[in-house]
Amino acid sequence: HCATSSHMSHVHVVPARSAPPFFVRVSRRARRLLLPGVSVFLDVDNLDSTDELERHIEQSQAVLVFLSKGYFFSENCLRELDRAIALEKPLILVHEADLSRGGALLESIRSECASKRRMHVFEGGGDEERPVITWQRAREFQIVAMREICAALLHAAPEYSGAGGSVVRGRFKIPSH
């Protein structure tokens, strides 16, 4: 765990348990290359008890929601999502499109989301639709998806808006080389 003054992790991946293992491996490697020093909470690596789900959301700056088949039917995923919404945490949406790997059509996933959550998840609580990053299997497209995820994470950093559109080195705990 990385420690900033009030956050144990910069991004919390929900649900890492249902995310394909390949996504988890690629995201670890890409994060080290693209955003060294950024801490990521993955329940498969970091969760000791489901009693701690909400606390981990509270201690994260942003929440990456890995949208796959049945996501909105998981009690623990909904606990994390509801806490993130209540705390107005930035959400980064990643869609598993490969039907043979637990994915589903985005419209199907969207329809599984209860209407009370749908506006917060897919519209970001406003009029504009929240961007959804599609997770791909081809390596070249994975690199593009990881860059999009990293860009979304940087935009979610509390210091981003106050830094004239750029993250201030050190305040986001990105080490200088």
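Every value quoted in this text rests on a predicted model; they were computed, and no experiment measured them.
When all heavy atoms of Ile149 and Ile92 are compared, the pair lying nearest together is O-CD1, 4.3 Å. Closest approach of Thr134 to Ala97, counting heavy atoms only: CG2-CB, 3.8 Å. When every heavy atom of Pro90 is checked against every heavy atom of Ala156, the shortest pair comes out as CB-CB, 3.5 Å. Looking at every heavy atom in both residues, Phe66 comes nearest to Glu96 through CE2-CB, 3.6 Å.
Atom CZ in Phe73 sits 4.0 Å away from atom CD in Glu112 (nearest 0.5 Å). Taking CZ of Arg83 as the start and CZ of Arg55 as the end, the distance is 12.5 Å to the nearest 0.5 Å. A distance of 8.5 Å separates CG of Leu99 from OG of Ser108, quoted to the nearest 0.5 Å. With rounding to the nearest 0.5 angstrom, the OG1 atom of Thr50 is 10.5 Å from the NE2 atom of His56. Taken to the nearest 0.5 Å, the CG atom of Asp82 stands 11.0 Å off from the SG atom of Cys77. Within the model, atoms CH2 of Trp135 and CD of Glu148 stand 11.0 Å from one another, a figure rounded to the nearest 0.5 Å.
Not counting sequence neighbours, the partners of Ala104 by the side chain to side chain contact (heavy atoms under 4.5 Å, CB included) test are Lys69, Ile109. By the side chain to side chain contact (heavy atoms under 4.5 Å, CB included) test, Leu106 is found to be paired with Leu67, His95, Arg110, Phe122, Val132, residues two or more places apart in sequence or in another chain being considered. Partners of Glu54 under the salt bridge (Lys or Arg N to Asp or Glu O under 4.0 Å) rule, at least two apart in sequence or in another chain, are Arg79.
In Arg147, the CZ atom is not crowded: 12 or fewer heavy atoms of neighbouring residues, nucleotides or ligands sit closer than 6.0 Å.
A heavy-atom distance below 4.5 Å is found between the side chains of Val121 and Ile85. Leu153 has its side chain out of reach of Leu64: every pair of non-hydrogen atoms, C-beta onward, lies at least 4.5 Å apart.
Side-chain N or O atoms of Arg130 include one that pairs as donor or acceptor with a backbone N or O of His120 at under 3.5 Å. Judged purely by atom type and a 3.5 angstrom limit, Gln142 uses its side chain to pair as donor or acceptor with the backbone of Gln136.
Cluster membership check: Leu87 shares its hydrophobic cluster with Val65, using side-chain heavy-atom separations under 4.5 Å among Ile, Leu, Val, Met, Phe, Trp and Tyr. Using a 4.5 Å cut-off between side-chain heavy atoms of Ile, Leu, Val, Met, Phe, Trp and Tyr, with links allowed through other members, Ile133 and Ile143 fall into different hydrophobic clusters.
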Go through the steps to decide whether Ser74 and Asn76 satisfy the test side chain to side chain donor-acceptor pair (under 3.5 Å), and finish with yes or no.
-> CA-CA 6 Å; Ser74 165; Asn76 287 335; 5.6 Å; no
